[in-house]
Colleague: 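Could you have a look at this structure, given as structure tokens, before my questions?
Predicted model, so just to flag it, every value in this text is computed and none were measured.
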Amino acid sequence: MQVGKNMMINRKRMMWFSLLGVLCVSSLYFVFHNHALYEQTIGEVTSVTTLNQENTIDQYENEDTLYTQQLTLTLKNGAHQGQEVIAENGYSTSQANDYELKKGTELFVTMKEAKDGTQSATIDGVKRDKYLAIIIWMLLLMLIVVSKKQGVFAIVTLCTNAFILSYALDLYIANEQASLLFICSICILIFTIFSLLVVNGVNKKTAAAIIATLIGTAVSLAITFLVLKLTNEQGLYYEELQFLTRPYKTVFFAGLFLGALGAVMDVAITISSSLVTLYEEHPTISIKALTQSGLEIGKDIMGTMTNILFFAYISGSIPILILYFKNAGAFGYTLSINLSLEIVRALAGGIGIVVTIPVALYVTILFILKSKKVVK
């Protein structure tokens, strides 16, 4: 009986993995051959010739080399499909605002016709959908292979949350009177409940994690908002947001809402899941021992999660920091002008982590106490 059941499970797994393989191969084949679906002309680089190179040095003694490439493109769609055209591309060794093009790269181009009737092309950008598809499938396959059913649930919640956020932002853009903070608050509520329920199911650890996440997020943002008000936001530079046509401070605080949520949710479910599992394995454990175990778990994850937040926010500013330093930007000015908002985001998330640990701990213990089997 058991052998037959195992064989049936293995057949189901093989069926699902086969279906997944077919979907992967077919979708990749599609993005590699979907040129006809694009209105803009696409050309594939078939040969590359370097026309010239020039060494340059600026007033700060930054050295660079400029190259000019002549590309032969085979057009993949449009009225001139199959024809070959010539285009030029300039790039530098630093590749700060450009890139070297190689054989096989597919490009979006604009066609030009000279007075003598010859066709040429101007490069508008690189066609990247096939690279994105490969990366996405790598992520999906790793999630499914490692986490199996939980990985599938994680994919579902990720896609659903992305859709909800996109819809919410479209709603805000379409309605000038809408409150972005209110919209983000509703999104946080939906993200928290939906994500934890789908991934972890309906149980007491999920309920505890939902409550702890919402409380931790609210408290951390309240503390951050209060501190910024008391200090009149001194030391914050909003230059990177001032190109927006909407109140940029509101946009910044909305970003704090969403940025803190991920770390807080992770801490909440880790604490609640660990305590519930510990209780289920040792139902006679005392409240004191359970609390101590929860505090030890919190201490272990607090440092790592805070560092993860810091590096996640700061890493995005590394290119601009290097650009400022290479152009003789003052150290203090460079850090303050580029990192002030990122540091506030990291601190808000760090406060959320610290607050969530005791909240998740005691909320989970309250849920466990309802079973009335814990020794006091």
Side-chain angles (χ1 to χ4, degrees), residues 20-58 62-145 155 158-159 162 166 312 315-323 326-327:
L20 192 64
V22 170
L23 289 175
C24 177
V25 173
S26 59
S27 63
L28 291 178
Y29 180 85
F30 171 77
V31 295
F32 273 79
H33 300 85
N34 63 351
H35 310 94
L37 299 179
Y38 285 90
E39 294 183 1
Q40 193 170 4
T41 305
I42 298 170
E44 181 181 357
V45 179
T46 54
S47 68
V48 180
T49 303
T50 301
L51 297 179
N52 58 65
Q53 66 180 65
E54 178 185 356
N55 296 323
T56 64
I57 185 169
D58 65 12
N62 294 318
E63 297 180 359
D64 207 348
T65 304
L66 306 180
Y67 298 88
T68 302
Q69 295 178 302
Q70 179 177 284
L71 311 173
T72 302
L73 307 176
T74 301
L75 302 182
K76 309 294 287 186
N77 64 345
H80 304 284
Q81 182 177 350
Q83 294 184 13
E84 289 190 345
V85 296
I86 301 298
E88 286 192 359
N89 174 58
Y91 74 96
S92 59
T93 303
S94 62
Q95 298 188 25
N97 296 307
D98 45 44
Y99 34 80
E100 179 184 5
L101 297 177
K102 299 181 180 180
K103 184 178 179 181
T105 304
E106 293 182 341
L107 306 169
F108 291 111
V109 299
T110 298
M111 299 299 299
K112 291 184 177 181
E113 185 173 347
K115 293 181 179 179
D116 59 0
T118 58
Q119 297 282 342
S120 63
T122 301
I123 298 171
D124 296 326
V126 179
K127 181 176 180 288
R128 296 186 173 88
D129 55 353
K130 57 185 180 183
Y131 308 115
L132 290 175
I134 292 173
I135 294 173
I136 290 171
W137 270 111
M138 288 176 62
L139 172 63
L140 297 182
L141 291 174
M142 286 189 291
L143 277 173
I144 293 172
V145 170
I155 294 168
L158 177 63
C159 295
S166 176
S315 60
S317 301
I318 289 177
I320 194 67
L321 290 177
I322 293 175
L323 182 62
K326 288 286 287 182
N327 288 278

Colleague: Can you tell me if H35 and E44 form a side-chain donor-acceptor pair at under 3.5 Å?
Modeller: no
Colleague: Using side-chain heavy atoms (C-beta onward) and a distance below 4.5 Å, is L101 in contact with L107?
Modeller: yes
Colleague: Identify the two heavy atoms, one from A121 and one from A87, that lie closest to each other, and give their separation to 0.1 Å.
Modeller: O-CB, 3.3 Å
Colleague: Run the numbers on Y67 and E100 for side chain to side chain contact (heavy atoms under 4.5 Å, CB included), then give the verdict.
Modeller: CA-CA 9 Å; Y67 298 88; E100 179 184 5; over 6 Å; no
Colleague: Decide side chain to side chain contact (heavy atoms under 4.5 Å, CB included) for L71 and I123; before the verdict, give the C-alpha distance in whole Å, the side-chain angles of both, and the deciding distance to 0.1 Å.
Modeller: CA-CA 10 Å; L71 311 173; I123 298 171; 3.6 Å; yes
Colleague: What distance separates F32 CZ from I134 CD1, expressed to the nearest 0.5 Å?
Modeller: 4.0 Å
Colleague: Within the structure provided, determine whether L139 and L143 are in side-chain contact (heavy-atom separation under 4.5 Å).
Modeller: yes
Colleague: Working note: W137 + S27, criterion side chain to side chain contact (heavy atoms under 4.5 Å, CB included); need CA distance, chi angles, decisive distance, verdict.
Modeller: CA-CA 9 Å; W137 270 111; S27 63; 2.6 Å; yes
Colleague: Could you tell me the separation between the CD atom of Q83 and the CG atom of L73, rounded to the nearest 0.5 Å?
Modeller: 12.0 Å
Colleague: Heavy atoms only: give me the nearest K127-F108 pair and the separation to one decimal.
Modeller: CA-CE1, 3.6 Å
Colleague: Mind checking whether I155 and I144 have side chains closer than 4.5 Å, heavy atoms only?
Modeller: yes
Colleague: Who passes side-chain contact (heavy atoms from CB on, under 4.5 Å) against I136, sequence neighbours left out?
Modeller: L140
Colleague: Using the test ring-ring contact (aromatic ring centres under 6.0 Å, His included), find all partners of F30 that sit at least two apart in sequence or belong to another chain.
Modeller: none
Colleague: Between S166 and A162 (side chain of the first, backbone of the second, donor and acceptor by atom type, cut-off under 3.5 Å), is there such a pair?
Modeller: no
Colleague: Given side chains that start at C-beta, do those of M111 and L75 come closer than 4.5 Å, heavy atoms only?
Modeller: yes
Colleague: Listed by chain and number, what are the ring-ring contact (aromatic ring centres under 6.0 Å, His included) partners of H80, not counting sequence neighbours?
Modeller: none
Colleague: Using every non-hydrogen atom in the two residues, find where L28 and A133 come nearest and quote the distance to one decimal.
Modeller: CD2-CB, 3.9 Å
Colleague: Name all pairs fulfilling the salt bridge (charged side-chain N to carboxylate O under 4.0 Å, His left out) condition that reach into residues 84-93, sequence neighbours left out, sorted by first residue then second.
Modeller: none
Colleague: I need the full list of salt bridge (charged side-chain N to carboxylate O under 4.0 Å, His left out) pairs touching residues 135-145, with sequence neighbours left out, sorted by first then second residue.
Modeller: none
Colleague: Which atom pairs, one a donor and one an acceptor, fall under 3.5 Å between side chains of residues 36-43 and the rest of the protein, sequence neighbours left out?
Modeller:
from : atom 1 : to   : atom 2 : distance (Å)
Y38  : OH     : D129 : OD2    : 2.8
Q40  : NE2    : D124 : OD2    : 2.8

Colleague: Testing the 3.5 Å rule here: is there a donor-acceptor pair between the side chains of K76 and N34?
Modeller: no
Colleague: I'd like to know whether I86 forms a side chain to side chain contact (heavy atoms under 4.5 Å, CB included) with T72, so could you lay out the CA-CA distance, the side-chain angles of the two residues, the decisive distance to 0.1 Å, and finally the verdict.
Modeller: CA-CA 5 Å; I86 301 298; T72 302; 3.7 Å; yes
